[in-house]
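Accompanying notes for the structure given below.
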2 protein chains.
Amino acid sequence: MSDATLGPSAYIVLGLIGGCGGGTSYDLKRWADTSVGYFWTFPRSQLYAEPQRLVELGLLESRQEDGGRRRRIYTVTPAGREALRSWLDTPAGQPELRDEGLLKLFFSTQATPGMVERLAAGQLDLHQQRLAIYEGIAASGHGTMPTGTDPLGMGLLYERASVAFWREVLAGQPGQVSS
Amino acid sequence: MSDATLGPSAYIVLGLIGGCGGGTSYDLKRWADTSVGYFWTFPRSQLYAEPQRLVELGLLESRQEDGGRRRRIYTVTPAGREALRSWLDTPAGQPELRDEGLLKLFFSTQATPGMVERLAAGQLDLHQQRLAIYEGIAASGHGTMPTGTDPLGMGLLYERASVAFWREVLAGQPGQVSS
DNA sequence: TACGGCATGTAATCGGTTACATGATTTA
DNA sequence: TAAATCATGTAACCGATTACATGCCGTA
């Protein structure tokens with residue numbers, strides 16, 4: 001039971017469905033997009049494949065509508081709830097930045113002149129946008145899910161750090177316009 | 001040329017070999033472990049498979065030793081250098097946190113009592129260790145690769161933010177020992 | 001020359017991504 | 001009722017991870 005070899009996305013599905021008391025793959029997509037999707041994305045098709053796997057493992061139950069779209073509505077089984085709890089209690093490993101922008105910065109000595117400046121400007125822009133979104137959510141009180149509210153806090157810290165970092169990189173480049 | 005559908009690991013290989021003027025898969029592993037590996041990891045076998053793909057694409061050349069271990073030594077071709085440059089000049093996308101610890105925190109309302117405290121303690125520990133490593137590298141002047149030195153700066157900011165964050169989470173939990 | 005560990009690779013599997021394809025509702 | 005969009009899924013491919021398997025080299 002609770003085969004330890006499930007990936008994080010399996011638990012995301014379990015957690016989302018468990019937290020909302022059941023839903024369809026399409027529901028999952030919408031919930032994810034406005035919550036966990038800010039720091040962990042995956043393609044939509046995953047949200048169709050993963051629940052089926054979980055049904056076969058006995059961690060989810062699916063009920064199919066008769067008429068209309070005949071969509072599948074998933075709910076978590078007791079075994080599923082237990083599997084989630086057990087995963088939650090397993091110590092998490094070291095997270096990785098895995099930032100393509102940093103990667104490019106890392107290899108920038110092999111690049112065309114001016115590349116770092118362009119990169120930094122682009123990254124700065126993206127992080128500022130994301131920061132604005134997070135600040136909006138924080139100001140409006142909360143996200144959509146019943147959750148320990150804190151991950152947003154880390155998001156804010158991370159985006160602020162990123163903005164500061166890329167601004168610094170940009171400032172270190174020759175030839176940037178003073179502003 | 002320079003098929004735009006190569007993954008980041010392909011460019012890591014190109015960048016590492018390009019930066020060091022050639023080497024074996026084993027060399028790649030060692031270089032990666034002490035540099036880019038701090039924020040972007042992959043299994044060792046990837047460093048054997050990826051170069052072969054790149055040779056077929058004409059981005060790397062391989063020369064095989066005659067005697068001894070008969071290992072393959074890779075060097076970057078002009079086309080490879082060009083492909084790397086072109087990738088470096090492509091704007092990078094939004095990075096994701098993809099932090100399993102945050103994921104668990106996010107779903108912590110469905111967990112066993114005390115889980116958040118255990119999680120936070122574990123994460124705090126990991127981040128403190130990693131921060132100490134980065135500070136050591138920063139103090140000693142530099143890493144092993146000829147590179148734009150800056151990614152380490154982001155690593156420091158990120159680890160400091162993480163330490164602050166998990167400390168905060170821990171402080172918000174009932175029942176922790178005061179220290 | 002035997003042994004231990006360093007070094008080097010291959011094979012099989014599997015999750016994740018892209019691309020494709022269709023049906024249901026709504027609204028003009 | 002036609003068009004547009006929302007919603008729902010499947011199929012095929014490919015990169016990445018795990019597991020397996022073996023060969024060289026220094027040293028005792």
Side-chain angles (χ1 to χ4, degrees), chain A residues 3-14 16-17 22-34 36-37 39-57 59-60 62-74 87 93-94 96 98 100 103, chain B residues 3-14 16-17 22-34 36-37 39-57 59-60 62-74 87 93-94 96 98 100 103:
Chain A
D3 195 353
T5 56
L6 291 175
S9 24
Y11 295 105
I12 293 178
V13 168
L14 279 176
L16 284 174
I17 298 184
T24 69
S25 290
Y26 190 73
D27 293 330
L28 280 175
K29 179 183 161 33
R30 284 184 311 159
W31 297 337
D33 278 350
T34 58
V36 68
F39 62 96
W40 196 300
T41 67
F42 32 76
R44 193 183 46 79
S45 69
Q46 188 94 359
L47 295 177
Y48 288 88
E50 199 70 61
Q52 288 179 14
R53 241 173 282 166
L54 294 174
V55 166
E56 278 170 25
L57 293 172
L59 306 181
L60 287 182
S62 84
R63 172 167 48 93
Q64 179 139 213
E65 279 182 343
D66 274 351
R69 310 205 160 184
R70 300 189 53 73
R71 59 197 155 183
R72 295 182 194 123
I73 296 156
Y74 296 100
W87 174 73
Q94 183 94 48
E96 277 175 33
R98 240 163 214 265
E100 201 174 309
L103 217 49
Chain B
D3 196 353
T5 56
L6 291 175
S9 23
Y11 295 105
I12 292 178
V13 168
L14 279 176
L16 284 174
I17 297 184
T24 70
S25 290
Y26 190 72
D27 294 330
L28 280 174
K29 179 183 162 33
R30 284 183 312 160
W31 297 337
D33 278 351
T34 58
V36 69
F39 62 94
W40 197 301
T41 67
F42 33 75
R44 194 184 45 83
S45 70
Q46 188 93 1
L47 295 177
Y48 287 88
E50 200 67 63
Q52 288 180 13
R53 240 173 283 165
L54 294 174
V55 166
E56 279 171 24
L57 292 172
L59 306 181
L60 287 182
S62 83
R63 172 168 49 92
Q64 180 140 211
E65 279 182 343
D66 273 350
R69 311 206 158 181
R70 298 190 54 73
R71 57 197 157 181
R72 295 179 194 124
I73 296 158
Y74 297 100
W87 174 73
Q94 183 93 50
E96 278 176 31
R98 241 164 214 265
E100 202 174 307
L103 218 49

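To find a chain, count down the sequence lines: A is the first, B the second, and so on, and within it residues start at 1.
- For the pair A/Gln46 CD and D/dC13 C1', the interatomic distance rounds to 15 Å; values are reported in whole Å.
- Taking atom CZ of A/Arg71 as the reference point, atom P of D/dC6 lies 15 Å away to the nearest angstrom.
- Counting to the nearest Å, the P atom of D/dA21 and the OH atom of B/Tyr48 are 18 Å from each other.
- Among the atoms of the strands shown, only primed sugar atoms or phosphate atoms (P, OP1, OP2) are found under 4.0 Å from some heavy atom of B/Arg53.
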Next item on the list: With side chain to side chain contact (heavy atoms under 4.5 Å, CB included) as the test, would you mind laying out the steps for B/Val36 and B/Trp31 before giving the verdict?
Entry: CA-CA 8 Å; B/Val36 69; B/Trp31 297 337; over 6 Å; no

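- In this structure, B/Ser9 reaches the sugar-phosphate backbone alone: every heavy-atom distance under 4.0 Å involves primed, P, OP1 or OP2 atoms, never a base.
- Take the nearest nucleotide of DNA chain C for B/Arg98 and for B/Asp27: the residue whose nucleotide is more 5' is B/Asp27.
- Looking at heavy atoms from C-beta onward, A/Val13 lies out of side-chain contact with A/Phe42 at the 4.5 angstrom threshold.
- Using a 4.0 Å heavy-atom cutoff across all strands shown, B/Phe42 reaches sugar-phosphate atoms only and no base atom.
- Scored by the side-chain contact (heavy atoms from CB on, under 4.5 Å) test, B/Gln64 finds B/Arg70, B/Arg72 as partners (sequence neighbours excluded).
- As rounded to whole Å, 7 Å separates atom P of D/dC6 from atom OH of A/Tyr26.
- Within the 4.0 Å cut-off from OP1 or OP2 of D/dT10, at least one side-chain nitrogen or oxygen of A/Gln52 is found.
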Under 3.5 Å, which donor-acceptor pairs do the side chains of residues 44-54 of chain B form with other protein atoms, sequence neighbours left out?
unit_1  : atom_1 : unit_2  : atom_2 : d
B/Gln46 : NE2    : B/Glu50 : OE1    : 3.4

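- One finds a salt bridge joining B/Arg30 and B/Asp27 here, because a Lys/Arg side-chain nitrogen approaches an Asp/Glu carboxylate oxygen to under 4.0 Å.
- Whole-Å rounding puts the B/Leu47 CG to D/dT18 P distance at 14 Å.
- Applying the side-chain contact (heavy atoms from CB on, under 4.5 Å) criterion to B/Glu96, with sequence neighbours excluded, gives A/Thr41, B/Arg98.
- For B/Arg63, the salt bridge (charged side-chain N to carboxylate O under 4.0 Å, His left out) test picks out no residue, with sequence neighbours left out.
- Protein chain B touches strand DNA chain C; the 5'-most and 3'-most nucleotides with an atom under 4.0 angstrom of its non-hydrogen atoms are C/dA7 to C/dT10.
- Note: CD1 (B/Ile12) to P (D/dG15) measures 15 Å, nearest angstrom.
- Put simply, CG on A/Leu6 is 16 Å from C1' on D/dT18, counting in whole angstrom units.
- Nucleic acid contact class of B/Arg72 (heavy atoms, under 4.0 Å, all strands): sugar-phosphate only.
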